Amino acid sequence: MSAPRSIVVQTAEAVRKGERTAVEVCEESLARIERHDGALNAFLYVDREGALEAARRVDEARAKGEPLGPLAGVTIAIKDNLCTRGVPTSCASKILEGWRPPYDADSVERLRAAGAVLVGKTNLDEFAMGSSTENSAFGPVKNPWDLSRVPGGSSGGSAAAVAAGLSQASLGSDTGGSVRQPGAFCGVTAVKPTYGRVSRYGLIAFASSLDQVGPFTKSVRDAARLMEVIAGHDPRDATSLEREVPRYEAACDEPAKGLRVGVVRSQVEAVEDAEVRAAMDATLDALRDAGATLVDVELPHAKYAVSVYYLVATAEASSNLARFDGVRYGLRVSRDDLVEMVEETRAQGFGPEVKRRIMLGTYALSAGYYDAFYLKAQKVRTLIRRDYDAAFEVCDVVLSPTTPTPAFEFGARTHDPLAMYLADIFTLPPSLAGLPAFSTPCGLTKGGLPVGVQLTGRPFDEATLFRASAAIEARLGLGEHEARAFLGDKA
Amino acid sequence: MSEPKISVDVVRHVARLARLRVTDEEASALASQLSHVLDHMDELNALDVSEVPPTSHAIPLDSPFREDAVREGLSREEALAGAPLEIAGGFAVPKVLGGEG
Amino acid sequence: MTTYEAVIGLEVHAQLLTRTKLFCGCSAEYGAEPNTHVCPVCLGLPGALPVPNEKAIELAIRAGLALGCKVRTTSRFARKNYFYPDLSKNYQTSQYDEPIDEHGELVIEVDGVEKRIGITRAHLEEDAAKNVHGEGGGLHTVVDYNRAGTPLLEIVSEPDLRSAAEAEAYLKKLRDILMFIGVNDGNLEEGSFRCDANVSIRPVGQEEFGTRTELKNINSFKFVRKAIEYEIARQEAVVSSGGKIVQETRTWNEAQQKTVTMRSKEEAHDYRYFPCPDLPPIRVSEERIESIRASLPELPDAKRARYVEQLGLTPYDAGVLTGHPEIARFFEATLAALGDEKLGKKVANFIQSEVLRFVETRGLEATFPVKAEALAGLLALVEKGSINGKIAKQVFAEMVETGASAESIVESKGLAAVTDTAALEAEIQKVLDANPAQVEQYRGGKQAVFGFFVGQVMKATKGQADPKAVQEILRRLLG
């Protein structure tokens, strides 16, 4: 096993040097989408014209001798819950189908300014609610490693697009694991930044106190490059942090020697899947080999994370999704009576999981239940945060599996919402604590499915996570053993 | 777990608050699914959090303010571009009476 | 017969005088074409986020301090969730259990009796859009989001008011204060100062409150009084005849001269308030609060008292001059330009008799053509004896019309008092020569004829002679 190529960094370099044109890179991406996306369904919209236009502008800028951005000519796919000016943005929901935002999300704006070529919008669980993309109103995404399995969710389309080489990088959003879990299932590097590190402006809200935009890339260094571009203060987001963004790429070169890794022993041991267990053991060996010190840590309240999360997130969602009423944009089911119009529009426009969560959240906030549910959840959230404070007294990063199992088959959990929620048990605690957390590929099962390890850092300390992830990647990376093999395409 | 936490009547009331029309089958399915989830959430009752402050944002945030300066917004055309029904430069809905509802 | 007393609490929504909306940079100006002061934030477009307007927070603190409130160093925005098309997000961003201002009071005076009215709280919130009903062949309501997101301060009184007169006095007082501190323009007609009243009655002596009704959207002081008076009488009639008050929302119907039901509360509201996750708590330092306190201008009550004590005005005159911040400012600026506090009464009289007459016919909003300095120039001429009071009124009217200075009008129209003693003396001698019989009478001891001579002289000089000089010379020549 070895580290994969850093195609983002390499492409930007090649375009800068004139070894490749941005248009060539873009056409290659568009051709791969054309060839494979019928099988994968990773894209909801391919912006062929817009992408080629952006690529041409990069090439023209170079021809004129203008300085090129750090992502010049790099092809990037955008999760379809991030607003893109004039380009359809639906959140994989019928209620927003065909809507074209009049503005770009902050992260999208930053990518464009860095010379990135945005190739299209990727599929997701409707409004980012789900862990498999089976909740998309436009059909699920297939896992490129095994088309009978889910890519994870909710950012399944963005993870699959990168895994299958349809774009060189992508953006997703992570509320309770929606970047990390599909990252693990699709064998790519996935980053959830510290809450407030990346602007949420233009990210269509699911749960505002948890949502964060994060990148998917093949390599850790590529993720560092993207994070340097998309992170930073945005005056349009009141929860955006006014903190300097460190040089993440430099952090990837720092040796892991002396790093204190806290292993959440109870979470590792809770994993029943032998192959995931084996991958964890291999990861711990690799870190030891890199000179890191391993210590056991406990997060006594992490086991409550599912309950806390599904109260807090659904409560916020019930309010955030109230604006979809057929009045200003999106779907309207016409009725003569206003209330009927709104109720029917929402009944027909939202899928079952979104309705379920709106119902749960409305219930949790409603009179008589607020203290027992929402307020209580926010208090337990404090306990979870304190657990991490204690853990970081003795370690620099906290390690756990990203998921209890590798990618599961379609339909395996759709009948039981609670079972689906419980599978998020490892990714939820860092989200509730607002902490940065990465999923890094750390091996393959015998059946050839990727396994991911989750590293959680102190607030604002993404740099240490890049350092630790790079050490794991150097020893356990999936190399050029790419998912595209499963698409009958060894290119 | 004897009685379901949420009855079909409660589902109907909540659906009304959330402006979701639900069929009878949906209401009974939701009652059982939500009850199942809420039963799991009973685990929180084991914790004494009477002395614990709630966390609404996990990361301490500044109090960001915006200067009181006019910024250009959307043109009327842009604003109404997505409107399902436009009348006289406004967003039209079936006639409403009275106040908030 | 049971006697009842009314229990009234008022909720005032005062629009804060900011340039932009509470959470976005759209203009908060009134009267633009529909849906032209909008952006992704106030239209509630997916992905848009609110950022609080610093000025709105400052004005809310200013109001709180002027109303004797405790200003919270940490307050919080919360979402009030309900579906209505005038809410672009189907929730209103407001404040709930941590409002910015709490525990204030206002002293009102009714029939010479002072009374303290508690102010429970004042909190920030965004205004809703405007619904225009009956468009599209009467089948539609059309929503204009220009007003959506405009900053409001909702000021909630304790149920301390006992009559419509008290309610009216409270509202007037509140409006005066907010206008004087530059927080609100006090315009009821345009809806920038709106009032809802909670009204109930109970037998005198009873502790617990009766069932209340809420009177909404009362948009003039006159209506407030009439609506509350009507509502109290209506409730007394219902209860006296053995009926029960229904908790409901009513509104004043001016055409029918009565309150009518808007909607009854058959469906209890469940707003599902929770802290807005898009907005961190508002933190304001004690130093900031104190610096805002230090910047507060003199409030109307203090001003009124000072006018009486320091300038010797009657309480009535002081009340008139402090009726609007612009009038008080004009009065003080005129007095300052004259540089003599002793002239306070004279300035006050002139402003009340002349200036306010023009203000009334032209409206306060129009830019008044005569500046305080120019008025001071006119009054200075009177003081010097260059013109008399009657001429001053004439000159003032001219100043209002032309905007010219008092000096130039007096000069160009030849209105200056005849103060040349020789010329005046010649003029007076002519009058005496023309009326020998009256001269005889005066010299014979009939003092009353003196007035006749003065009148004749003034007539001969077209009123321009300084009456004092005329009397002096007359006495000398007759003496």
Side-chain angles (χ1 to χ4, degrees), chain A residues 81-83 89 91 96 99 101-106 127 196 199-205 207-211 234-240 312 315-316 318-330 336 338-339 341-343 346 361-370 374-375 378, chain C residues 22-25 35 38-54 77-93 96-97 129 131 133 136 138-145 148 267-282:
Chain A
N81 61 351
L82 282 159
C83 288
T89 300
C91 290
L96 207 49
W99 181 61
Y103 71 103
D104 272 335
D106 181 72
F127 284 105
S199 170
R200 294 185 297 115
Y201 189 77
L203 169 65
I204 299 177
S208 312
S209 76
L210 298 157
D211 295 340
D234 176 10
R236 296 169 296 185
D237 173 2
T239 61
S240 165
V312 172
E316 293 180 11
S318 71
S319 174
N320 285 332
L321 270 59
R323 69 187 63 192
F324 301 101
D325 59 1
V327 174
R328 290 158 300 277
Y329 40 78
D336 292 340
L338 173 70
V339 173
M341 185 275 273
V342 174
E343 288 188 342
R346 290 166 64 80
T362 304
Y363 177 79
L365 287 177
S366 67
Y369 304 107
Y370 180 85
Y374 185 77
L375 187 64
Q378 294 286 49
Chain C
L22 183 50
F23 296 117
C24 64
N35 294 303
V38 293
C39 75
V41 178
C42 56
L43 269 183
L45 293 192
L49 294 171
V51 182
N53 181 341
E54 183 162 34
F77 284 110
R79 293 187 185 175
K80 180 180 184 180
N81 294 284
Y82 64 94
F83 281 82
Y84 202 63
D86 65 6
L87 286 182
S88 61
K89 304 174 294 291
N90 283 319
Y91 59 78
Q92 181 191 31
T93 308
Y96 186 50
D97 50 6
N131 283 345
H133 301 291
L139 297 171
H140 292 94
T141 291
V142 170
V143 194
D144 167 13
Y145 290 95
E267 191 180 357
H269 286 238
D270 184 349
Y271 292 126
R272 290 159 284 136
Y273 280 102
F274 74 108
C276 179
D278 286 327
L279 293 163
I282 309 166

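Keep in mind that this is a model prediction, so the values were computed, not measured. Hydrogens, waters and symmetry mates are skipped; everything else that's a heavy atom, side chains included, is used. A note on names: the letters A, B, ... follow the listed sequences, proteins ahead of strands, and every chain is numbered from 1.
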Stepwise, does the side-chain contact (heavy atoms from CB on, under 4.5 Å) test hold for A:Arg323 with C:Tyr91?
CA-CA 8 Å; A:Arg323 69 187 63 192; C:Tyr91 59 78; 3.3 Å; yes

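- Across A:Leu82, A:Asn320, A:Val339, the residue that shares the most heavy-atom pairs under 4.5 angstrom with chain C is A:Asn320.
- Both the backbone and the side chain of C:Phe274 come within contact range of chain A, each with at least one heavy atom under 4.5 Å from a heavy atom of that chain.
- A distance of 5.0 Å separates CG in C:Leu45 from CH2 in A:Trp99, rounded to the nearest 0.5 Å.
- Interface summary for chain A: among C:Pro46, C:Pro275, C:Pro277, C:Ala48, the most heavy-atom pairs under 4.5 angstrom belong to C:Pro46.
- Note on A:Ala238, A:Ala205, A:Ser319: by heavy-atom pairs under 4.5 Å with chain C, the leading option is A:Ser319.
- Annotation: the span from C:Asn90 atom CG to A:Arg328 atom CZ amounts to 6.0 Å, rounded to 0.5 Å.
- Contacts between A:Tyr201 and chain C at a heavy-atom distance below 4.5 Å involve backbone atoms as well as side-chain atoms.
- Annotation: maximal heavy-atom pairing with chain A below 4.5 Å, among C:Val143, C:Leu49, C:Leu43, occurs at C:Leu49.
- No more than 12 heavy atoms of other residues, nucleotides or ligands shown are found within 6.0 angstrom of CG on A:Asp336.
- For chain A, the nearby part of C:Pro40 is the side chain; its heavy atoms alone come within less than 4.5 Å.
- In this structure, NZ on C:Lys89 lies 14.5 Å from CG on A:Leu321, to the nearest 0.5 angstrom.
- Contacts of C:Tyr273 with chain A are made by backbone atoms alone, with heavy-atom separations under 4.5 Å and no side-chain atom involved.
- Interface remark: C:Asn81 contributes side-chain atoms only to the contact with chain A (heavy atom separation under 4.5 Å).
- Using a 4.5 Å cut-off between heavy atoms, A:Ser199 makes no contact with chain C at all.
- With contacts defined as side-chain heavy-atom distances shorter than 4.5 Å, the pair C:Cys39/A:Tyr103 does not qualify.
- In this structure, C:Asp270 contributes its side chain and A:Ser366 its backbone to no donor-acceptor pair below 3.5 Å.
- Of the residues considered (A:Pro235, A:Ala207, A:Ala315, A:Ala322), A:Ala322 shows the highest number of contacts with chain C, using heavy-atom pairs under 4.5 Å.
- Proximity to chain A (any heavy atom under 4.5 Å) is restricted, for C:Leu87, to the backbone atoms N, CA, C and O.
- The contact between A:Ala367 and chain C is made by backbone and side chain atoms together, counting heavy-atom distances below 4.5 Å.
- Interatomic distance, C:Asn131 CG to A:Leu338 CG, rounded to the nearest 0.5 Å: 9.0 Å.
- C:Arg79 and A:Ser208 make their closest contact through NH2-OG, 3.8 Å (heavy atoms, listed as atom of the first residue, atom of the second, distance).
- Chosen from A:Val342, A:Thr239, A:Val327, the residue pairing most often with chain C at heavy-atom distances under 4.5 Å is A:Thr239.
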